[in-house]
Amino acid sequence: MNKNFDPSEIETKWYKFWEESGFFEAKPESNKDTFCIMIPPPNVTGTLHMGHGFQNALIDTLIRFKRMNGYDALWQVGTDHAGIATQMVVERQLESEGITKEDLGREEFIKRVWDWKESSGNTITKQIRRLGSSVDWSREAFTMSPDMSQAVLEVFIKLYKEDLIYQGERLVNWDVELQTTLSDLEVDNTEENGSLWHLKYQITNESKYLIVATTRPETMLGDTAVAVNPEDDRYKKYIGKSITLPITNRQVPIIADEYVDEEFGTGCVKITPAHDFNDFEIGKRHGLEIINILNKDGTLNEEVPKSFIGLDRSSARKKVLSELEKLNLLEKTEPYKVTIPRGDRSGSILEPFLTKQWFMDVNEISKKAIDVVKSEESTFHPKNYENTYFAWMKEIRDWCISRQLWWGHQIPAWYDKDGKVYVGSSEEEIRKENNLDEQVKLKRDEDVLDTWFSSALWTFSTLGWPKSRKLLDRYHPTDVLVTGYDIISLWVSRMLMMTTHFINEVPFRKIFVHGLINDSSGQKMSKSKGNIIDPLDIIDGIDLKSLIEKRISGLMQPKMEEKIKNQTIKEFPEGIKPYGTDALRLTFCSLASGSREVRFDFKRVEGYRNFCNKLWNASRFIQMQLDNFENFERTKPSGILDDWINARMDIAIEKTNNALSDYRFDLATQSIYEFIWYELCDWYIEFCKINLNSQSLEASEKNLLLNSMIEILEKTLRLSHPFMPFITEEIWQNFKDLHQSKNESVAISSFPQKKEKYGSKNADDIEWVKQFISGVRNIKGEMKISPSKTITSIIQSANEEDKRKVKKHKELLFELLKIKELNFIDEKNAPPSAIFTLGGMKILIPLEGLIEPDKEITRIDKLINKLQTELNSITSKLNNDNFIENAPQELVNQQRDRSNYLSNEINNLEIQHKEINKLI
RNA sequence: AGACACGUAGCUCAGUAGGUUUAGAGUACUACCUUGACAUGGUAGGGGUCGGCGGUUCGAGUCCGCCCGUGUCUACCA
């Protein structure tokens, strides 16, 4: 074994071994209990980000844990076709070739997307492998695969027949860049600096003006009313009259509507029903004309004066403002914070736009989805996330499911020449069903479905629905969904609706909601901010130059380049070192405490890398001992140290089990960290060293001890495998000849179980030895006695049990503390010493030639002070009658004991103080 | 504006049905140690009036209220 653990040498090797051996494949034929998790499908053409890394670490830990605990574990893997994102990428590729998708035509274009999917689709799946995720690759799914498309088709048709899918003409969120609608959830509302312009609208045939305030002056070309509050005394008299709209010179009515707030602005509102959601509603109430002034690409259409036609939105705004200025109709301009709706993919400003779209009526099916959470068939963890869920579900509006894209599930609807719509699985089917002969021309709806429509079917469509129920019956409902809170409404709620509706089961029994990973300053990681980190760069490392390159390539705003560069240099002056997958996974697990936001700290990764190295070297030590031992024989281990370390191991097992059942990955990680470092390495191995070097120990006893070391190591590897799969596999395989497991891999070995009590007396003995050693070390440390300096020690007031322990473990104490002489004496004859008590026993280190008295005085005073503070607080409690009366008896007793102990201890120290003071 | 979180050592975080730790861990810091598993190490140590104020209680980092600060989500007044 190498001196230092090098993850890069082993990771891909073991993953390949696992995958080729089929260890991660579900076993539907087995009679084991099942445990199933669905991967939240990542974008097929996307790349891994920290969120994926975090989530994969958590899911994989759970899955491996369950698999090792004897479950038939299925981690269903797959990807999402990500309609908009993928289409955007391919369109951009075409753009660089100088062609548009229209040049290619729909069929060719889709071919190109498939090509791109094939060529880049492996990126994400390769990355998932690098994380060590034990997914079942034999069942890899894709939302656009034939099977899943079949499921989508079936669902759409059924919902249509149930009248839950319908077409409607409404204002929708329109992305002028991508030229498609978006659902409400795909809108990012950002607060930006804008202006509030006050426009003067002349009242027709009067010299008076109404002043309206607007943040979007260009829409005035589509105004069809001015509204005031019916109770507003200032304007009551104008209601029913009209104003003459500047520029277009259209006459528009002055109407009264409660919606208008007298207090805000001037109390007059321009109404543009075609381009504002609120105005649209007002328009409906008042039967106003709806004038759409925009083309699909955001330019002005023929509804506006000639000189405006064809202008884009921002030019139109400038021109409107300058015209108004010329006409002296621009009252004033003031700076104003406006909330701008932007497409979450394109980033372009969205327009409310009147079009005919397909909608899903979610009123009924949302009720069922609420009920299953209320009745706890499906539960959120942490529970308070159900508030987010309920809040969203109660306010839920019909879901706009059509998208004006080419990449996606094309809507199975056909139109005849009169526009009559037929919905069915194919044109042929529809003709048959409706007795339409070849004469009747049918044209298919060009739109595709929202990607989330197919993702909503994920839990059951990946398990073979509608073709077969075999897997569905076995693995559904899935056990837990592991996801971020940001997609509770986007995805979780829709799965709950679709699944309860179609399968009449919840999609998952538990919804474990984890936090989101931010950068070290608490900022959300995003491409545009230039603070993204690729998890693989933490695993493999990356130099500064490449990191900067990665962060600034393909940036939407080139302006940011310099800033991102500097910020990256500042944060990673030497790039990122390679830490390996196990260290990264441990870091992720240790951050999963249940908090909402998680700041990613490289210092933690470094700490866990060191931890991996620690485990590596512990194994290396064991290996070396075996190499140096003649005639090693494999037997069942026994002995004091073996009893003790197994007892400590049991505590770690229990803590880990409890923590994982509560999704406290941080506590689980901590228990393993503490066991390996603070018990196994700091004590067990140190004790073993002494025993193995001991002259007084028989070879057969050493042989037993070596067996203990092998078995405890093997058990430790199984305990920590779910958290750090690669290093544990590497060591486990290295030791295979020694531990002689029947299994091929630690990945399919069983998770260690808590045993019946190990020789508890032995375990207690070792804990006592640890305390003895720590106590003396404290004195040596504080007195600045060099660790290598030998000391003499005196023991007073030892009872028979103490004497037995000292005698029995003399060698451990002597070696670890460099004690050269140890005597039992009675109270009277003690020389001036530093003192430490263990139970009733006093351990004395004579000052003579070792310790300067004044230093010891300082140490004693510090201790007295500390103990006195505590004693004071306990005394005041015990003097309080209310405390005695109300507190549990057990606690009162405890505090009394503590109080006695403290007084006694303080008393001893004070005597010491006096004794030593004599020397000064 | 509303809802929901969060504010504990320089930094990143635990503190799990109010009283067992004398508020903990990692990291950073200080001193000593280059002793053959590991300097990606060892031993010892310093560092927090648990955001502020008030309340409930015998007892509050832990429960309640208000305030200050931070963040996220939702809804927006043109």
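Heavy-atom basis, side chains included; hydrogens, waters and symmetry copies ignored. Here is how names work: the chains are called A, B, and so on, in the same order as the sequence lines, proteins then strands, and each is numbered from 1.
With rounding to whole Å, A/W616 atom CH2 is found 17 Å from B/G41 atom P. If you measure from atom CD1 of A/I731 to atom C1' of B/C38, you get 12 Å, rounded to the nearest angstrom. To the nearest angstrom, P of B/U74 lies 12 Å from CD of A/E395. As a whole-Å value, the separation of A/I517 CD1 from B/G71 P is 19 Å. Across the protein-nucleic acid pair, A/N872 atom CG and B/U22 atom C1' stand 12 Å apart, rounded to whole Å. One atom, CZ of A/R604, and another, P of B/A28, lie 13 Å apart when rounded to the nearest Å. In this structure, A/I676 atom CD1 and B/U40 atom C1' are separated by 15 Å, rounded to whole Å. Distance CG (A/L891) to C1' (B/G18): 12 Å, rounded to an integer number of Å.
Dashed line: the shortest gap from a side-chain N or O of A/N886 to OP1 or OP2 of B/U57 is not under 4.0 Å. Side-chain N/O atoms of A/R599 include none lying less than 4.0 angstrom from OP1 or OP2 on B/G26. Contact annotation: A/N778 side-chain N/O to B/U43 OP1/OP2 distance is not under 4.0 Å. In this model, the phosphate group of B/U22 is approached by a side-chain N or O of A/R898 to a distance below 4.0 Å at OP1 or OP2. For B/C33, neither phosphate oxygen OP1 nor OP2 lies less than 4.0 angstrom from any side-chain nitrogen or oxygen of A/K784. Between B/G26 and A/T669, no contact under 4.0 Å exists linking OP1 or OP2 to a side-chain N or O. At the phosphate of B/C4, neither OP1 nor OP2 sits under 4.0 Å from any side-chain N or O atom of A/T388. Between A/Y901 and the phosphate of B/U20, there is no side-chain N or O to OP1/OP2 separation shorter than 4.0 Å. Not one side-chain nitrogen or oxygen of A/K3 sits closer than 4.0 Å to the OP1 or OP2 atom of B/A37. For A/R596 and B/C6, the shortest distance from a side-chain N or O to OP1 or OP2 is not below 4.0 Å. Close to B/G42, at under 4.0 Å from its OP1 or OP2, lies no side-chain N or O of A/K780. Within the structure, a side-chain polar atom (N or O) of A/Y336 is placed less than 4.0 Å from OP1 or OP2 of B/A78.
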| message | If you apply the rule side-chain hydrogen bond (donor to acceptor under 3.5 Å, both in side chains), what do you find for A/N893 with A/Q889, and how did you get there? | response | CA-CA 6 Å; A/N893 293 339; A/Q889 192 56 42; 3.3 Å; yes

| message | Assess the residue pair A/F675 and A/Y673 against the criterion (ring-ring contact (aromatic ring centres under 6.0 Å, His included)); give the C-alpha distance rounded to whole Å, side-chain angles, the decisive distance to 0.1 Å, and a yes or no. | response | CA-CA 6 Å; A/F675 172 74; A/Y673 185 99; over 10 Å; no

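When the C1' atom is used for both B/C6 and B/G15, the distance is 16 Å, rounded to whole Å. Distance check on atom P: B/U16 versus B/C53 gives 22 Å, rounded to whole Å. With both ends at atom C1', the span from B/G54 to B/G71 equals 26 Å, rounded to whole Å. B/A25 and B/A9 have their C1' atoms separated by 11 Å, given to the nearest Å. Between the C1' atoms of B/U34 and B/A14, the separation comes to 34 Å (whole Å). On the P atoms, B/G2 is 48 Å away from B/G46, given to the nearest whole Å. Separation of the C1' atoms belonging to B/U8 and B/A44 is 25 Å when rounded to the nearest angstrom. B/G42 and B/C38: their C1' atoms are spaced 10 Å apart (whole Å).
With its glycosidic angle within 90° of 0, B/A17 adopts the syn conformation.
Interface remark: the A/E606 side chain does not form any donor-acceptor pair with the B/U40 base, using a distance-only criterion of under 3.5 Å.
RNA chain B is contacted by both A/Y485 and A/R664; A/R664 maps to the nucleotide lying nearer its 5′ end (nearest heavy atom per residue). Both A/K603 and A/K689 lie close to RNA chain B; mapped to their nearest nucleotides by heavy-atom distance, the more 5′-ward contact belongs to A/K603.
The partner of B/G48, taking Watson-Crick or G-U wobble pairs whose two distances both stay under 3.5 Å, does not exist in any strand shown. Of the nucleotides present, B/A3 is the one that pairs with B/U72 by Watson-Crick or G-U wobble criteria, both distances under 3.5 Å. Across all strands shown, B/C53 pairs with B/G65; the Watson-Crick or G-U wobble distances both stay below 3.5 Å.
Here the nucleotide nearest the side chain of A/E782, chosen from B/U72, B/A44, B/G26, is B/A44. Closest to the A/L667 side chain, of the nucleotides B/A14, B/A75, B/G19, is B/A14. Nearest to the side chain of A/Y678, among B/G26, B/A37, B/A14, sits B/G26. Nearest to the side-chain atoms of A/Q895 among the listed nucleotides B/A37, B/G19, B/A25 stands B/G19. Comparing B/U43, B/G36, B/G41 against the side chain of A/D682 picks out B/U43 as the nearest. Distance from the side chain of A/N610 is smallest for B/U40 among the nucleotides B/U40, B/A14, B/C32. For A/V269, the listed nucleotide lying nearest its side chain is B/A78; candidates were B/U12, B/A78, B/C38. Closest to the A/K524 side chain, of the nucleotides B/A37, B/C4, B/C73, is B/C73. The side chain of A/T215 sits closest to B/A78 out of B/A37, B/C38, B/A78. Comparing atom distances between the A/S595 side chain and each of B/A14, B/G46, B/A37 picks out B/A14 as nearest.
At a threshold of 4.0 angstrom between heavy atoms, the contacts of A/E686 include nucleobase atoms, whether or not backbone atoms are also involved. Looking at heavy-atom distances under 4.0 Å, A/C681 makes contact with a base. Contact annotation for A/S788: no contact, since no heavy-atom pair falls under 4.0 Å across all strands. Residue A/R620 is in sugar-phosphate contact alone, with no base atom involved, counting any heavy-atom pair closer than 4.0 Å across all strands shown. Heavy atoms of A/F390 sit nowhere under 4.0 angstrom from any nucleic acid atom. The residue A/S786 sits apart from the nucleic acid: no heavy atom pair falls under 4.0 Å. Nucleic acid contact class of A/K394 (heavy atoms, under 4.0 Å, all strands): none. Counting non-hydrogen atoms under 4.0 angstrom, A/W677 reaches the backbone sugars and phosphates but no base.
Proximity of a side-chain donor or acceptor of A/Y684 to a complementary backbone N or O of A/M709 within less than 3.5 Å is detected. Put simply, the side chain of A/N904 never gets that close to the backbone of A/N900: no donor and acceptor are under 3.5 Å apart. Between the side chain of A/D257 and the backbone N or O of A/Y259, at least one donor-acceptor pair lies under 3.5 Å.
Figure legend: A/K689 and A/F621 shown as a cation-pi pair, the cationic atom lying under 6.0 angstrom from the six-membered ring centre and within 45 degrees of its axis.
Other residues, nucleotides and ligands place no more than 12 heavy atoms under 6.0 Å from the NZ atom of A/K655. Residue A/E334 qualifies as enclosed at atom CD: its count of foreign heavy atoms under 6.0 Å is above 12.
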